[in-house]
Structure formats: structure tokens, C-alpha cells
Amino acid sequence: MSSGTFKTGQSPQAGPAAPGRREPGTTRAEPMNQGGSQAQTYPVSPGEKTELLNVIAFLEEFGEELDDTIDFLAPNPYLRMSLHLIRSHLEAKTVTPTSLIGASGAPHATATRRMREMLDRGLIDQRPRTLSGKSFSLHPSETLMGSWIRMSGRLKRLAETRLGAPARATRDYYYGGSYMAARSVPPLQVLGEPLRIAGGIRVLVHGDPTFMVMDQLKRQFEHVVGTDIHQRAFSIDRLHQEVLKNGERKASRYDIVAVDLPWIGELAEKGVLMPLDEAMDIARLDPADFHTAGWKAAHWGGRPYGVPAQTTPELLFYRKDLFAEAGLEPPATTTDLIAAARELHQPTQGRYGVAWNAARGTALGHTFLMLLSDFGQPVINLTANAGGFDTDRLNRDRHRPTIDTEKGLAAAEYLLELLHYSPPYILSMSWYERVRPYASGEVAMAYGYTLLAPYFELDPGSPAYGQTGYMPHPPGPGASPVAPVGGYVMGIPRNLPPERLKAAAEALIVFTSPEAQKLYVQNGSRTNPRYSVGSDPDVRRTSTIFEAVDEMSWRDELQFWPRPPIPQISEIIRICGEEFHDMLRGIIPPRTALRNAQNRADAAMKNDGPT
């Protein structure tokens, strides 16, 4: 091929690259342990995307105005190709050498030379489109994309300065905005080699706001991994059933499955999940970046069985404006919470004190275990240590339930007190239903996972919008504040066909990376398993919840021992949810509910044998 031509589907040819430069036609990233090279480029946040598209539209229209005004003005192929690359990337459209040359506005030979120069300078990355490697798609590189993001901000400030503008953008620029942005989590990377997997990546998830954000970003993630993504979402109980059912199949229907943290022990013991150290180099996940409780909860027998996709502690949400009007301080204890609920409970005005999970079965069972931890006791006989309770021997020690105790009685009586200041439909309230009345202004406080915060944080019409405080569970007498960790890890089924394992591992790394987590947050999620994402200035600006959770983590208040992931935990949760529901309905007294739950839980653990 001559130096002046560039055939579609082929990389340009050139002599040896100069020191410090890469050869044309090669990607810029370092090789990865599990699957080829990595070319860096950007799926960006909605705000950055909107701003970039506005800048691109402005420059395109301004260029047309110049062309019409000055007839002999020559088009700038570098600019036009850059605009085409970035717009196509933001819109998840494939760019080929032919389409890029056509967008340049320059003669074919000139455009080919300019494209080769952009490749040589690391402004364009290539990704093979076929197994032969003879056909490439073109992508804006990290260098090009980063330059344009910075330029778009400067262009906006320049226009505001010269043409009249509010001063706020300038103030942000000079007083920390630009400096803080430099410490942001970098944008997501497009894999240098698309994943080779028949039929695309198949994912089973929970139908919650975070995984629904992932589904909304499906096209962007398909662009990143280079293959289709098929996602199924179930409610929590149906998800548990489907994960177990899938484990009985000869070959898994899913490449990646989402797993509730308490299920880890059960799924590991039953051989449903594969230990991740069999599928990948664990160091690639950067384990130290995960919140300690979330990462430890993904382990069984010292081995990780999933990657935290959501670390979502259950907190107390409270209306700061209502507390201020009533002259109340945020509740520091369970006694304070009851007093505040009593003060703010005004049913004749359509407002109630507190909302929580009280529906029969799984929902109320979770509540009891978490409130038991508020009084300083786990649901099984764990050994106390400086950080709360020892969870390192869950797979070795023989445990028994600890429900029918004095602290169990305190938790049961606390449930009955909460009932007095709750909405009249509390006994059918679960998961989302407890936060919806909080978002609508019907309740002043709610126990809720951070993943539910979008119901009011993203709704300017909600009375709780901008008026919500976040704190760990107020403790009972003599106990310490705890924020019980919930959420999901993403794991790989043990029965996944071997030929799909490499691609599944690569996709899992992408979906749980800091860059992906930041995207989830910027598109509405309020869960985050990583320290780096929680400290990102762009993330901090979206919600005060991330700073609050990080502070709880540093204070060692995030704990997963309230729901220890032993194989029998799902059954124990269900038992508690049934017995204490009967108690709340007035069918049995607290001590009977405790005794019944204890006996049934003992039988469940005895039938399964030692853990």
C-alpha cells in the first residue's frame, strides 16, 4: 500500500515510531492479564455528554457560518474528524476509516494523511472488528477525549466572559472546581479487543434502581465491551429462586449473576458460585478500594465469590426541616427515635412518624435482624471483637441462633413501639413502599437502604428533596451505632461453560470498575462500593449521602454481621418475618414470638448440619 492511501478495514503503514510515540495502527493501552489490550476512551456522564454535544453542535454550526461567509475558507479535517469521532462515541455509533474520511470535508488523500497523523499522535484508537484483525473501528482516545472535555469548559467560560455571563462558572473555576475535577475517577475504558462470546453477555440482576440504571446505560456498555448485553431482573425472592435453579442446570443460562450479600454462604456451600480466584487475577479488582464491610461480605472460607456491585447500608432517613420546626435533634438512640416519632406523628394531618419494612416474611425478617443489631446482638452466636463481631470463621464454627434473649426481647418491644407511630398500612409495607411515603411527605423518618434515595433525591417535587439527613441506625442502651450493610455482589456461576469464562470475567471487571460505578451514580444510583468513587468530587456533588456513608465506613459503623451470610440465613430471616408479623398483629405476645422463632431457627440449622 502506498504512503498516500488508506484502505477501509486496514491499518495505516509507517516506519518505526519515534521514541515516546506509538506506531500508527496500534492501540495505546497496556496489555491486560485476561484478554488483550485496552484502548482508553470515554462513556461520559450525562452532564458532560450534554455539554460536549452542545459544544460540538456550536462548532459545527459556527463552521458552516464561516464557510458561507468566506467562500475560499478551507475545511479543517482535524477538527471535523475530531467532531465526528466524539459525537459518534457519545451516541454509541461505529466509526470506520471510510466514514471518518468522509466526515473530514477534505479530499480523500488529504484526509487519509491527516487521519494517519492523528493515529500517530495517539488521538485515535483502533479496535479490531473481526477475528482476522483486518477490519477496525475507530474511537477517540483518552488524550483526545480529555482535551475536548477540558476545552468545552474553557469555551463556555470564554463565551460567558466575552459575551456576558453569570459569574458562578468563573468562581467555580478559580476556587476549586478545576482543581477538584483533576482528582475525579477517570472515564470508562473501551476494551481494545471486543469480547468474543456467543450471543453476548447474559446477566441476571435484582430489579432495583441501581441495576435499572445499568440497563439504561446498556448501549454504552455494549459499546465498551464490544458485544450485546442481555439483562433479566427479578424481585429479591424470585432472584434467589432463579439463582438456585440456575445452579442445578447442566450449563448456566447466565454469565454473571447478582447475589444478595446474605446468600454468599449458601451459594458457596451448594457450589452455585465459582470462587473468583479461579476466574481472574483478583488484584485487577483493586480490593483495597472497596468498603471493607462490603468486600469482606463477598467472601466465604477466605475466598471471594463475588465483586461488590452495590454497597448499600440501611440508614435512617429523616426530614431535617421537620426536625428543625419541632426543635428536635437527630435521634441519637432508639429512645430518641421513638420520642421524635411521637412528636412528629400527626395522623389527622396525614403525616406519620416513621416507616420501615413490616410486611410478612423476608421484609420484616430483615428488619428484626437489623434492629437486633441496634441492641448489640447478632442473630447467631458470633464471638465479639473490637470491630463488633468475628465473621472470619463463619464457614468453620458451629453456630446456633440467638433470638430468644433479653436483647431479642428489647428488639421485639421496639418493633411494637414503632408500630404506634407508623402509617396504618405498615404491616404490608416492604422495600420500596417504606420510602415512597417518605418521598411524598407522609412520614417524617424512614429506615431505608441508600439505593432507595433516588425516589426523593431526584424528584424536585418531593418534600424530602434537599431536606433529608442520613445517619446510621440509632442504637439501643449500651450499644454502638451500626449501619447494616446490604446490597449485591456480582458473581460467576460455577456451571458456566469454560469457553464463556474469560469474557464473563472481563465483563464483570468492567461492570464493577470505579469508572462504571461513577457512571451509575451520575445516572441516578445512590449506591457505591468503592472509596475512590465516594470521594470523587463529581460524585460528592450529586448527593450528601456518599460523604455520609464514607464517614460511617471510616468510623467502622458499616457492618455486615447483622445478617451473617451463613447457608441458613434466608430461612432464619423468613422465620423471623413470620413470627414477628404475628406478634405485630396481636396474635401472639413478644415472648411467644421469640420462643417460636428460636425453636424454628434451631430446627432449620440442625437439619442442615454444622456450618
Side-chain angles (χ1 to χ4, degrees), residues 314-360 363-375 407-449 452-453 455-456 462-464 467-477 479 481-484 576-577 580-590 593:
E314 183 174 270
L315 307 180
L316 179 70
F317 305 154
Y318 67 95
R319 285 279 299 278
K320 294 187 292 185
D321 54 337
L322 297 180
F323 271 70
E325 291 171 9
L328 297 171
E329 293 293 326
T333 66
T334 52
T335 301
D336 294 341
L337 189 146
I338 293 298
R342 183 185 302 114
E343 178 72 20
L344 298 171
H345 188 65
Q346 300 175 6
T348 58
Q349 299 180 28
R351 191 177 74 200
Y352 307 96
V354 61
W356 41 291
N357 262 1
R360 186 178 183 83
L364 179 56
H366 279 274
T367 294
F368 178 76
L369 267 62
M370 292 179 180
L371 296 186
L372 186 61
S373 72
D374 294 347
F375 288 87
K407 291 183 178 179
L409 179 61
E413 290 175 342
Y414 181 60
L415 283 173
L416 289 170
E417 288 190 90
L418 289 175
L419 190 64
H420 294 308
Y421 310 110
S422 302
Y425 46 89
I426 187 67
L427 293 183
S428 62
M429 184 177 285
S430 66
W431 312 119
Y432 306 117
E433 286 81 5
R434 57 179 165 166
V435 172
R436 284 175 177 150
Y438 177 80
S440 67
E442 291 180 49
V443 295
M445 295 179 287
Y447 285 104
Y449 285 121
L452 301 174
Y455 280 104
F456 51 86
S462 168
Q467 296 291 345
T468 295
Y470 303 102
M471 60 187 301
H473 280 214
V482 172
C576 290
F580 291 106
H581 198 267
D582 286 346
M583 178 195 75
L584 293 174
R585 292 170 58 205
I587 297 175
I588 56 177

So, do F323 and P331 sit near enough that their side-chain heavy atoms are less than 4.5 Å apart?
-> yes
Quick one: OH on Y447 to CG on L337, what's the gap to the nearest 0.5 Å?
-> 4.5 Å
Residue pairs passing the salt bridge (Lys or Arg N to Asp or Glu O under 4.0 Å) test with at least one member in residues 428-444, sequence neighbours excluded, are E314-R434
Please report the closest heavy-atom contact between A411 and F368, naming both atoms and the distance.
-> CB-CE1, 3.9 Å
Between atom CG of L584 and atom CG of L416, what is the distance when rounded to the nearest 0.5 Å?
-> 5.5 Å
Closest heavy-atom pair, L344 versus A444, reported as atoms and distance to 0.1 Å, is CD1-CB, 3.6 Å
Heavy atoms of N357 and A363 approach each other most closely as CB-O, 3.4 Å
Just jot down the ring-ring contact (aromatic ring centres under 6.0 Å, His included) partners of H581, sequence neighbours excluded, or say none.
-> none
Among V443, L371, L415, side chain to side chain contact (heavy atoms under 4.5 Å, CB included) partner for W356 = L415
Write down the atom of I426, the atom of A358, and the distance for their closest heavy-atom approach.
-> O-CB, 3.1 Å
Mind listing the closest non-hydrogen atom pair of L427 and R585 along with its distance?
-> CD1-CG, 3.8 Å
Return each pair, listed once, that meets salt bridge (Lys or Arg N to Asp or Glu O under 4.0 Å) where at least one residue sits in residues 329-355; pairs must be two or more places apart or across chains.
-> none
With rounding to the nearest 0.5 Å, note down the distance linking CG in L369 to CG in L364.
-> 10.0 Å
Spacing of OH belonging to Y414 relative to OG1 belonging to T335, to within rounding of 0.5 Å = 8.5 Å
Contacts of type side-chain contact (heavy atoms from CB on, under 4.5 Å), residue P589, not counting sequence neighbours = T592
Are any non-hydrogen side-chain atoms of S422 and V354 less than 4.5 angstrom apart?
-> yes
Would you please name every residue forming a ring-ring contact (aromatic ring centres under 6.0 Å, His included) with F317, sequence neighbours left out?
-> F456, Y470
Salt bridge (Lys or Arg N to Asp or Glu O under 4.0 Å) contacts in which one or both residues fall within residues 316-328, not counting sequence neighbours = R319-D321
Say you draw a straight line from OG1 of T367 to CZ of F580; how long is it, rounded to the nearest 0.5 Å?
-> 11.5 Å
Could you give the distance from CG (L419) to CD (E417), rounded to the nearest 0.5 Å?
-> 11.0 Å
Between A332 and P475, what is the shortest heavy-atom contact and its length?
-> O-CD, 3.1 Å
When the ring planes of Y352 and Y425 are compared, do they come out parallel, tilted or perpendicular, using 30° and 60° as the limits?
-> perpendicular
Does Y438 reach the main-chain N or O of Y318 with its side chain, forming a donor-acceptor pair under 3.5 Å?
-> yes
